[in-house]
Amino acid sequence: MATTPKPLSVAVIGAGMAGRSHAAGYRNVNTVFGAGLPPVRLAAVADANVALAEDAARRYGFEKALPSWEAVVEDSTIDAVSIVVGNALHRPIAEALVAAGKHVLCEKPLAGSMEDARAMAELERTAEVVTSVGYTFRRAPGIAAIREHVQRSEFGDLTLFSGRYWCDYATDPNGPLSWRFKGDPGSGALGDVGSHVIDVAEYVAGPIASVSGASLSTQITKRPLPLGAVVGHNAAPVSDEFGEVENEDTATFTARFESGLVGTFSVTRTGFGLPNGLFFDVLGVGGRAAFDQHRPAEYLFDDAQPEARTRGARQVIAGPQLPYFAGGVPMEAPGVGASNGDNFTYQARAFLDQVAGVVEPLPACATFADALRTMEIIQAIVESSRKDGAAVAVPPLA
């Protein structure tokens, strides 16, 4: 008689909006890409805000809510854990989880400081568990398809990568002074959304060698202090007392890739009317493509068609011909959509594929070392801004 494989037991530390996305991803992992994974036990959601943890656990089918990350570390039945809390807490939690023999999927950016990020990358070198970082846009079918076009040299020699991540969550000057607005330059819009577009740029177009022309600015320099916990980007009751915003609202810079390709970048959290505006264009001498996260079920593609009179960018609708789509959605047909939530499911599945040693896994998640590299690029951008835009080299890939 066949025996049922031992379940993989998972937990999420952090019950805010990204934590809930991880929780939903774990709930769905065995609904995508057929057989392969053992059963997944949804063990716990932990948060210091116990009511928030209880609500997330109920919504996504987890067995219990826990009041602290330490309680997850101490639970010997939990195998794999997502860390989805403030950046400054990533290192101590990751170190404790790895010491307890638990596999780790950490949200980006890797840490709250370069010292912590380097320590986490060093921890990974000797860890006997899977250590991964959540760059969910790698799982977007359109982005993965554009990467394939580039890898197949379908655009010829690349001439320009232009990436933007424009958001509006910080446009309200009365929004509370949460942890997102505290920290050194580079930990604001660059760390929050810039880390994503930098990772996408290297994922699609290859390693960045240097940055230059960097400029960091803060549009709203003071914010009211919150009267209680702030969840995600949500509004919260605030006091009459204001505190200083310590990091950047907006950043721009240029980059030179190791291939010689030039890139232009801008990121902001004060971009009115843009709730989640990740955009990029990649151009070559023989073709181009563009992606817009506000229209995630498609991308634009243009190449040298035989007749010049019919050339022009055409809309490619997400369907089974794109990465992740076949086997990754219930209705495998073009035009049924794609979402950010799907990306979290694919990411969770890829992480657990690694943990379980699945025979034909999804492409592996980014590593702590990958995420340290992103932070090194951000540090170079900050240094360039301090040097009036001078070019600053990025450490080469190991």
Side-chain angles (χ1 to χ4, degrees), residues 3-14 19 22-23 25-26 29-30 33 36-46 62-63 66 68-85 87-136 138-139 199 344 346-376 395 397-398:
T3 58
T4 302
K6 178 181 179 291
L8 274 175
S9 180
V10 300
V12 177
I13 297 173
H22 280 253
Y26 287 129
V29 287
N30 265 315
F33 308 116
L37 273 185
V40 174
R41 172 186 167 230
L42 305 176
V45 177
F62 282 69
E63 294 176 4
L66 294 173
S68 68
W69 63 264
E70 291 90 347
V72 175
V73 173
E74 294 163 4
D75 189 334
S76 61
T77 71
I78 294 173
D79 302 309
V81 182
S82 282
I83 302 173
V84 201
V85 293
N87 305 335
L89 292 173
H90 290 182
R91 177 184 175 182
I93 296 175
E95 288 176 339
L97 290 171
V98 169
K102 302 184 191 302
H103 307 279
V104 177
L105 173 57
C106 183
E107 256 303 321
K108 45 53 61 187
L110 181 60
S113 70
M114 288 301 302
E115 178 184 1
D116 284 356
R118 292 189 181 105
M120 290 175 70
E122 183 61 28
L123 172 71
E124 180 176 69
R125 291 181 64 244
T126 57
E128 296 181 356
V129 294
V130 174
T131 49
S132 300
V133 177
Y135 283 118
T136 51
R138 292 188 178 197
R139 309 294 168 180
D199 181 72
F344 277 93
Y346 306 156
Q347 175 179 274
R349 176 65 188 251
F351 172 54
L352 294 184
D353 278 357
Q354 290 177 265
V355 169
V358 170
V359 175
E360 295 184 3
L362 291 186
C365 293
T367 64
F368 283 7
D370 294 330
L372 170 61
R373 175 174 174 78
T374 305
M375 290 188 63
E376 288 173 337
L397 286 171

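Residue indices begin at 1 and follow the sequence shown.
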If you take all heavy atoms of [X] and [Y], which pair is closest and at what distance?
{"X": "A127", "Y": "V98", "answer": "CB-CG1, 3.9 Å"}
{"X": "G134", "Y": "L105", "answer": "N-CD1, 3.8 Å"}
{"X": "V84", "Y": "G19", "answer": "CG1-N, 3.3 Å"}
{"X": "M375", "Y": "A117", "answer": "SD-CB, 3.6 Å"}
{"X": "P363", "Y": "R139", "answer": "O-NH1, 2.8 Å"}
{"X": "G36", "Y": "V358", "answer": "O-CG2, 3.9 Å"}

Flag the pair [X] / [Y] as yes when at least one side-chain heavy-atom distance between them is below 4.5 Å, and no otherwise.
{"X": "E376", "Y": "M114", "answer": "yes"}
{"X": "Y26", "Y": "V12", "answer": "yes"}
{"X": "I83", "Y": "V104", "answer": "yes"}
{"X": "C365", "Y": "Q347", "answer": "yes"}
{"X": "D116", "Y": "H90", "answer": "no"}

About how many Å separate [atom2] of [Y] and [atom1] of [X], when rounded to the nearest 0.5 Å?
{"X": "L66", "Y": "E74", "atom1": "CG", "atom2": "CD", "answer": "9.5 Å"}
{"X": "M120", "Y": "F368", "atom1": "CE", "atom2": "CZ", "answer": "4.0 Å"}
{"X": "C106", "Y": "R91", "atom1": "SG", "atom2": "CZ", "answer": "13.0 Å"}
{"X": "L110", "Y": "T131", "atom1": "CG", "atom2": "OG1", "answer": "9.5 Å"}

Counting only N and O atoms by type, is there a donor-acceptor contact under 3.5 Å from the side chain of [X] to the main-chain atoms of [Y]?
{"X": "H103", "Y": "F351", "value": "no"}
{"X": "N30", "Y": "P38", "value": "yes"}
{"X": "H22", "Y": "F344", "value": "no"}
{"X": "D370", "Y": "T367", "value": "yes"}
{"X": "E124", "Y": "A369", "value": "yes"}
{"X": "K102", "Y": "I78", "value": "yes"}
{"X": "D79", "Y": "L8", "value": "no"}
{"X": "T374", "Y": "D199", "value": "no"}

Stepwise side-chain contact (heavy atoms from CB on, under 4.5 Å) test for V85 and W69: CA-CA 10 Å; V85 293; W69 63 264; over 6 Å; no

Trace of the side-chain contact (heavy atoms from CB on, under 4.5 Å) decision for V10 with L352: CA-CA 9 Å; V10 300; L352 294 184; 4.1 Å; yes

Side-chain ion pair, R118 and E122, N-O less than 4.0 Å: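 Salt bridge between R118 and E122, a charged N being under 4.0 Å from a carboxylate O: no.
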
